[in-house]
Trainee: 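Okay, here's the structure, questions in a sec.
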Amino acid sequence: MRMSKLFFQTLREAPADADVRSHQLMLRAALVRQVAAGIFEYMPLGLRVKKKIEAIMRDEMDAIDGQEIVMPVVQPAALWKRTGRWYEIGDDLARLTDRNGRELVLGMTHEEVITELAAGVINSYRQLPVMLYQIQTKFRDEPRPRGGLIRVREFTMKDGYSFHPDISSLDSYYPLVYQAYFNIFGRAGLEVIAVESDTGMMGGTMAHEFMALTEVGEDTLILCDACGYQANRQVATFVKPEDESRAEEEALPLEEVATPEVNTIAALAEFLEIPESRTAKALFLVATIEEDGQEKEQFVFAVVRGDMDLNETKLTNALKARQLRPAQVEEIRAIGAEPGYGSPVGILRDEVLLVVDDLIPRSPNLVAGANRAGWHLRNVNCGRDYQPDLTADLVAAAAGHSCPNCQAPLNAVRGVEVGNIFKLGTKYSEAMEAAFLDEDGGSAPMVMGCYGIGSGRLMASVIETNNDDNGIVWPITIAPYQLYLVSLATRRTPEVTETAEEVYAQLQDAGIEVLYDDRDERAGVKFNDADLLGIPLRLTIGARGVKNGVAELKLRRGDEIRELPLDDILKHVQAVIENEENAILDKVISEPLT
RNA sequence: CGGGGAGUAGCGCAGCUCGGUAGCGCGCUUCGUUCGGGACGAAGAGGUCGGAGGUUCAAAUCCUCUCUCCCCGACCA
């Protein structure tokens, strides 16, 4: 491709809207443009990267017997009503009505459609297992798109769905996808780690997220350097700090203490001169719980120790709740509690589901609120002063906590979720009546898995982790072009243009992807654009070199400049490209899932 | 949805406090000189100042409403 013909415009300065590095670079390098919040268009260079990423996805999906299909973006609401997600999912699901008043949705994922498709085609266990995937546009009306392509509303996703005759078939297939995912990210030059994750609205029994470690990530990961434990903060566990000396402590009498204007744990600990671990934190929430097929709202009073944070995912799971929201002040008062001074002692127990973290019964004589402003209670003891309805692990693991496997201190890092895999089980096949006849002639629902990767988010994550002050540093496997050919010709050096044209033709004929800078620009402009665009190889043809029969080769990552003989240039370039490719493939992680 | 910030030329910004009819840098066009890391000179093109309403002789500037975008939080297969 000739730069003189390329549809692009590099920007010297990043648009003020762009905050994160990858977003700035994508705009400056003319990969994408933003059309609206969370909605982007891809320009030629960006689309080439996207296509390369997707080619890798196809390759790896095909390698584990995936078969590519395409499903619609616009889907009938009826499908989503059958699984109940039409009611469960809120405003994230974009809904519309056609001219005849039919309700439609914009697909945010395709379980409903694919399950119906599979149900229509698959009748027999002989047709199983099967893996279907697509690379398709999704739309989620996110409440807050952010970070350029990190979190968007309209995006392209590779989503795959596998169908199995039984759980063991899924169990044996799942690790293949797990490895295929490492292959995809590795080949795209993105370092990721896999963490166990919550199954969330997808349902299912086991799930992993593939995370790119970067500060712009929205997820917090809990890692153990000592033993390799890795989990999303949503599900991470840890060994609760057991204080042996205190566990034996005698329960002391309840005692009210005046604490004017003290309505946070930090202020309370300071005011009473006690550690936060000697206080009880009260949290007021309202859960949506399904009971006898009916949804109802239930006030939930959660108690965790003052030095810990509630993990809402754990609480949601412990309650088997559909949803959880903070309670309103009026709701809190209605059950006899007071915001900022909440206590499990003396509330209207009939209306409240009282849930305590499993550390609370082992922590005697805590300071809790007194359910009236300006007062707290000393020596509150679970079991003596109040009886919880449920005791469970409710708190979030954090840096410094003890690893659940080896007790070493845990680390917390930020990550971007670039892919995920789920064992769905039969949630969708049952709802959609996707059954098959097994060997015994009996009917059984198919067991499903689902597997997603966002193309754009992957691209952004690669840029986020592969750039320097001058621009992007693409892994050669997904770079828009492999080689940037710079012609430094002037009007007085037609031989340079001639040579550059010859080299361009020669490299192109050999199948090398060349971006040829034939513009009438100064050297500095060309070099700076080459750096900004991040093309892995830069080959410069200048007057000096032509005179000596050489061209200069420089790698984007690195400073070394090598002179290559012009009469044998193809061989050298090919060798360097191969070398660069191998350097990336060598880093692909092989991590059998146990 | 709560909190904060911002909309003036393709991009980055000034002008707004104190109303007087829009400016700077980069980019873009033409000509000339230059030509190995974002050249120089000259001449140009380009803006209903996000939108609507109001105040005023006069509004980018003051008032009201509204739309959009960004950041933090809530939320999130």
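Naming convention: chains lettered A, B, ... in sequence-line order (proteins, then strands); numbering from 1 in each chain. Just so you know, these numbers come straight off a predicted model, no measurement behind them.
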Trainee: Hey, does A:N420 reach any base, or is it just sugar-phosphate, or nothing, if we go heavy atoms under 4.0 Å?
Mentor: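 Base: the residue A:N420, judged by heavy atoms under 4.0 Å, touches a nucleobase.
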
Trainee: Just call it for A:A207: base, sugar-phosphate, or nothing, with non-hydrogen atoms closer than 4.0 Å on any strand.
Mentor: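 Contact class for A:A207: none.
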
Trainee: Base, sugar-phosphate, or nothing for A:E312, non-hydrogen atoms under 4.0 angstrom?
Mentor: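 Answer is sugar-phosphate: A:E312 comes under 4.0 Å of backbone atoms only.
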
Trainee: What is the pairing partner of B:A52, taking Watson-Crick or G-U wobble pairs with both distances under 3.5 Å in any strand?
Mentor: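 With both distances under 3.5 Å, B:A52 matches B:U64.
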
Trainee: Are the ring centres of A:F163 and A:Y428 closer than 6.0 Å?
Mentor: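 Ring centroids of A:F163 and A:Y428 are no less than 6.0 Å from each other.
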
Trainee: Go nucleotide by nucleotide along RNA chain B from the 5' end; which of A:A36 and A:G524 gets its closest nucleotide reached first?
Mentor: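 Between the two, 5'-proximity favours A:G524.
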
Trainee: Mind checking A:Q9 for me? I need base, sugar-phosphate or nothing, with any heavy atom below 4.0 Å counting as a touch.
Mentor: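 It contacts sugar-phosphate atoms only.
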
Trainee: Categorize A:R33 for me: base, sugar-phosphate, or nothing, with a 4.0 angstrom heavy-atom threshold over every strand shown.
Mentor: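 The answer is nothing, as A:R33 stays clear of every strand by at least 4.0 Å.
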
Trainee: Hey, does A:N528 reach any base, or is it just sugar-phosphate, or nothing, if we go heavy atoms under 4.0 Å?
Mentor: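 A:N528: base contact, heavy atoms under 4.0 Å.
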
Trainee: Salt bridge between A:R153 and A:D141, side-chain N to carboxylate O under 4.0 Å?
Mentor: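 So A:R153 pairs with A:D141 through a salt bridge.
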
Trainee: On a plain distance test, is the side chain of A:E13 in donor-acceptor contact with the base of B:G25 below 3.5 Å?
Mentor: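 It does, because a donor-acceptor pair links the side chain of A:E13 to the base of B:G25 below 3.5 Å.
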
Trainee: Quick one: on RNA chain B, does A:A37 or A:I561 contact a more 5' nucleotide (nearest heavy atom)?
Mentor: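 With A:A37 and A:I561 compared, the 5'-side residue is A:I561.
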
Trainee: How is A:D159 classified with respect to the nucleic acid when contacts are heavy atoms under 4.0 Å: base, sugar-phosphate, or nothing?
Mentor: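 Touches nothing.
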
Trainee: Would you call A:R95 and A:E103 a salt bridge, using N to O less than 4.0 angstrom?
Mentor: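 Answer for the salt bridge query: no.
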
Trainee: Report yes if at least one side-chain N or O of A:R492 is closer than 4.0 Å to OP1 or OP2 of B:U34; otherwise report no.
Mentor: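 A:R492 to B:U34 OP1/OP2: side-chain N or O found under 4.0 Å.
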
Trainee: Within the modelled atom types, does a donor on one side and an acceptor on the other bring the side chain of A:R325 and the base of B:G2 under 3.5 Å apart?
Mentor: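 Such a pair does not exist between side chain and base.
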
Trainee: Does B:G27 have its OP1 or OP2 closer than 4.0 Å to a side-chain nitrogen or oxygen of A:R12?
Mentor: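 Answer yes for this pair, as a side-chain N or O of A:R12 is under 4.0 Å from OP1 or OP2.
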
Trainee: Counting only Watson-Crick pairs (N1-N3 plus N6-O4 or O6-N4) and G-U wobbles (N1-O2, O6-N3), all under 3.5 Å, who is the partner of B:U33?
Mentor: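 WC or wobble partner is B:A39.
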
